[in-house]
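Here the structure is laid out as structure tokens; the discussion comes afterwards.
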There are 2 protein chains.
Amino acid sequence: MVSQAEENYLKAIFKISEKEVKAASTNAIAAEMQTTAASVTDMLKRLAEKNLIDYEKYRGVQLTAEGNRVATVLIRKHRLWEVFLVDHLGFAWDEVHDLAEQLEHVQGNALIERLDRFLGHPKFDPHGDPIPDAEGRWTLRPQALLATLKPGDRGVVTGVEDHSPAFLQYLDQMGLSLGAEIELLERFPYDQSVRVRTQAGREVSLSEKVGQNLYVKIS
Amino acid sequence: MVSQAEENYLKAIFKISEKEVKAASTNAIAAEMQTTAASVTDMLKRLAEKNLIDYEKYRGVQLTAEGNRVATVLIRKHRLWEVFLVDHLGFAWDEVHDLAEQLEHVQGNALIERLDRFLGHPKFDPHGDPIPDAEGRWTLRPQALLATLKPGDRGVVTGVEDHSPAFLQYLDQMGLSLGAEIELLERFPYDQSVRVRTQAGREVSLSEKVGQNLYVKIS
DNA sequence: TAATTTTTTTAGATTAATCTAAATTTTATA
DNA sequence: TATAAAATTTAGATTAATCTAAAAAAATTA
Ligand SMILES: [Mn+2]
Ligand SMILES: [Mn+2]
Ligand SMILES: [Mn+2]
Ligand SMILES: [Mn+2]
């Protein structure tokens with residue numbers, strides 16, 4: 001048995017390992033989990049004991065194959081529930097994360113596979129993040145940060161780096177929800193801000209911060 | 001905040017109080033929760049401290065208005081999730097209870113109200129049990145135990161007293177799922193068993209035990 | 001390389017939820 | 001009503017998960 005707390009730690013380690021090649025550090029895990037380094041050390045011992053991570057004192061941790069499997073299933077559940085909440089219950093994409101954090105811990109293989117079928121085996125969640133399939137395989141999508149586009153480039157909004165409700169709501173206001181077609185009109189070297197034409201022919205100005213947090217598939 | 005364990009105790013007390021007029025006893029709660037009397041006493045102190053129950057040592061307990069509200073919301077959530085699992089994910093009625101036991105603890109008012117709307121504000125769950133509305137009001141249904149029917153009586157299966165998968169599967173086999181129309185043909189005084197004509201014109205013999213656990217609305 | 005800073009671990013508590021065994025109170029019975 | 005039986009509570013532990021403060025190790029910098 002893997003407790004909810006243990007599952008959450010495994011997911012945190014997975015997310016850190018996605019970005020960093022090296023082993024996940026105690027402090028990085030503490031930051032991700034919003035807890036103290038001491039609590040993390042306690043938990044790492046327990047996870048190592050259960051062979052869910054490889055842990056050497058002072059050296060950071062890596063998921064074992066089994067730890068990776070548990071984390072992947074958890075992310076699959078989280079993202080499938082987010083699809084349900086948005087597509088079927090009518091929640092906005094900025095409202096579903098905390099609910100999915102709870103729903104992802106509901107146990108039951110049949111549940112998640114039936115939910116997946118009900119939803120039509122979606123490949124991406126409401127934030128554009130890929131949903132691993134029942135065998136843990138990921139769909140990769142060629143996408144680029146808005147910050148890397150050049151004037152004249154056109155594309156479709158496919159995802160976000162920042163998942164905060166504030167950013168998601170801002171995107172809605174700007175007409176930059178998932179699937180929106182955009183064209184980069186101009187980039188200002190002074191502050192790396194850009195002018196963008198959105199779907200409705202509307203022109204908006206976006207800061208570098210937005211450029212670093214918005215993914216686009218160039219067409 | 002009310003923990004999951006506390007919620008489960010409140011629901012257990014609610015269910016005992018439904019059947020017995022007097023205060024729920026420590027032992028009755030222990031039996032319902034499948035735990036020890038000592039654990040129950042510990043928990044009763046905590047629930048009393050939070051004003052969720054009225055508790056006098058050695059005298060049993062009763063829910064306060066607030067405790068009753070929490071228990072009612074929990075039952076509402078449990079039964080709405082059961083409807084979702086059966087009507088939309090295709091689970092059988094004998095497969096959903098344990099999943100609903102987990103889903104009922106997911107927090108979020110918006111979630112349950114949106115789920116209720118998605119499901120079309122159902123009044124009864126897959127076992128025929130009433131679902132309280134958002135204000136905690138219950139729909140009562142005039143139904144009688146099969147054991148009380150007389151030869152010649154016709155009716156429709158509306159609910160079960162025993163919720164065990166074994167009983168529910170047996171009913172499916174006999175053609176006695178929820179909504180099935182039946183006619184009581186004959187009752188044998190010797191063992192109180194009955195002969196019943198089911199929907200497809202099929203005749204089946206049912207024991208007294210079945211008669212004591214199957215509800216019918218007489219037409 | 002020695003001193004300083006940062007990171008990580010350990011020590012020692014706390015809280016919720018549970019248990020077994022023993023003590024106490026209530027209820028039933030002779 | 002005394003005694004026995006049943007129900008309930010208390011005492012004392014345990015486990016998971018968390019915390020703060022202190023100690024120890026590793027990394028950085030002078
Ligand atoms: Mn999320
Ligand atoms: Mn997401
Ligand atoms: Mn149920
Ligand atoms: Mn039910």
Side-chain angles (χ1 to χ4, degrees), chain A residues 1-13 16-17 19-63 67 70-71 74 101-102 104-107, chain B residues 1-13 16-17 19-63 67 70-71 74 101-102 104-107:
Chain A
M1 289 297 86
V2 183
S3 73
Q4 292 197 190
E6 288 166 344
E7 286 186 331
N8 285 334
Y9 273 93
L10 293 173
K11 191 171 67 166
I13 295 165
I16 293 163
S17 302
K19 304 204 171 166
E20 301 270 347
V21 184
K22 58 190 179 192
S25 73
T26 301
N27 263 0
I29 298 167
E32 178 72 27
M33 294 291 297
Q34 310 212 77
T35 185
T36 63
S39 298
V40 173
T41 301
D42 278 351
M43 182 58 89
L44 294 184
K45 289 176 187 168
R46 238 170 296 138
L47 293 173
E49 188 59 43
K50 293 190 175 185
N51 289 308
L52 294 164
I53 59 172
D54 290 322
Y55 172 47
E56 265 189 287
K57 264 194 188 182
Y58 295 103
R59 296 273 100 126
V61 298
Q62 282 193 306
L63 295 177
V70 174
L74 197 68
E101 284 293 309
Q102 298 180 68
E104 70 187 7
H105 297 292
V106 174
Q107 300 291 324
Chain B
M1 288 298 84
V2 183
S3 72
Q4 291 196 191
E6 288 167 343
E7 285 186 331
N8 285 333
Y9 273 93
L10 292 174
K11 192 171 67 166
I13 296 165
I16 293 163
S17 302
K19 305 205 171 164
E20 302 270 346
V21 185
K22 58 188 178 192
S25 73
T26 299
N27 264 358
I29 298 167
E32 177 74 28
M33 294 291 298
Q34 309 212 77
T35 186
T36 63
S39 297
V40 173
T41 301
D42 278 351
M43 181 57 90
L44 295 183
K45 290 176 186 168
R46 237 170 297 140
L47 293 172
E49 187 60 41
K50 293 190 175 186
N51 289 307
L52 294 164
I53 59 171
D54 289 324
Y55 172 48
E56 267 189 287
K57 264 193 189 180
Y58 295 102
R59 295 275 99 125
V61 299
Q62 280 193 307
L63 295 177
V70 173
L74 197 67
E101 285 292 311
Q102 299 180 67
E104 70 188 5
H105 297 292
V106 174
Q107 300 294 321

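Order of the sequence lines sets the chain letters (A, B, ...), proteins ahead of strands, with each chain counted from 1.
Atom P of nucleotide D:dA17 and atom CG of A:Leu44 are separated by 13 Å, given to the nearest angstrom. The CZ atom of B:Arg59 sits 11 Å away from the C1' atom of D:dT8 (whole-angstrom rounding). The distance from atom CD of A:Glu49 to atom P of D:dA17 is 14 Å, rounded to the nearest whole Å. Taking atom CD on B:Glu7 and atom C1' on C:dA16, their separation rounds to 15 Å, with Å as the unit. The NZ atom of A:Lys22 sits 11 Å away from the P atom of C:dT7 (whole-angstrom rounding). Taking atom CD1 on B:Ile29 and atom P on C:dT18, their separation rounds to 13 Å, with Å as the unit. A straight line from CE of B:Met33 to P of C:dA16 spans 17 Å, rounded to a whole angstrom.
What you find for A:Leu63 and A:Ala71 is that their closest heavy atoms are CD1-CB, 4.3 Å. Contact between B:Ala23 and B:Gly60 at its shortest, heavy atoms only, is CB-C, 4.0 Å.
In this structure, of C:dT8, C:dA16, C:dC19, it is C:dT8 that holds the atom nearest to the side chain of A:Asn27. Among C:dT8, C:dC19, C:dA17, the nucleotide with an atom closest to any side-chain atom of B:Arg46 is C:dA17. Nearest to the side-chain atoms of A:Met43 among the listed nucleotides D:dA17, D:dA25, C:dA17 stands D:dA17. The side chain of B:Tyr58 has C:dT24 as its nearest neighbour among D:dC19, C:dT24, C:dA17. With D:dT18, C:dT8, C:dT10 as the candidates, the nucleotide lying closest to the side chain of A:Ala38 is C:dT10.
For B:Tyr55, a side-chain nitrogen or oxygen approaches OP1 or OP2 of D:dT9 to under 4.0 Å. Regarding contacts with the backbone of D:dT9, a side-chain N or O of B:Thr41 is found under 4.0 angstrom from either OP1 or OP2. The side chain of A:Lys45 contributes no N or O atom lying less than 4.0 Å from OP1 or OP2 of C:dT9. At least one side-chain nitrogen or oxygen of B:Ser3 sits closer than 4.0 Å to the OP1 or OP2 atom of C:dA17. Side-chain N/O atoms of A:Thr35 include one lying less than 4.0 angstrom from OP1 or OP2 on D:dC19. In this model, the phosphate group of C:dT10 is approached by a side-chain N or O of A:Lys57 to a distance below 4.0 Å at OP1 or OP2.
Remark on DNA chain D: of its neighbouring residues B:Gly60 and A:Thr36, the 5'-side contact belongs to B:Gly60, judged by nearest-heavy-atom nucleotide.
Annotation: the span from A:Glu7 atom CD to A:Leu74 atom CG amounts to 5.0 Å, rounded to 0.5 Å.
Using a 4.5 Å heavy-atom cutoff, the side chains of B:Met43 and B:Met33 are not in contact. Side-chain contact check for A:His105 versus B:His105: every heavy-atom pair is 4.5 Å or farther apart. Contact annotation: the side chain of B:Glu6 approaches that of B:Lys50 to within less than 4.5 Å [non-hydrogen atoms, C-beta and beyond].
Within 4.0 Å (heavy atoms only), A:Ala5 reaches sugar-phosphate atoms of the nucleic acid but no base atom. Residue-level contact check: A:Thr26 touches the backbone only, with heavy atoms under 4.0 Å from sugar-phosphate atoms and none from bases.
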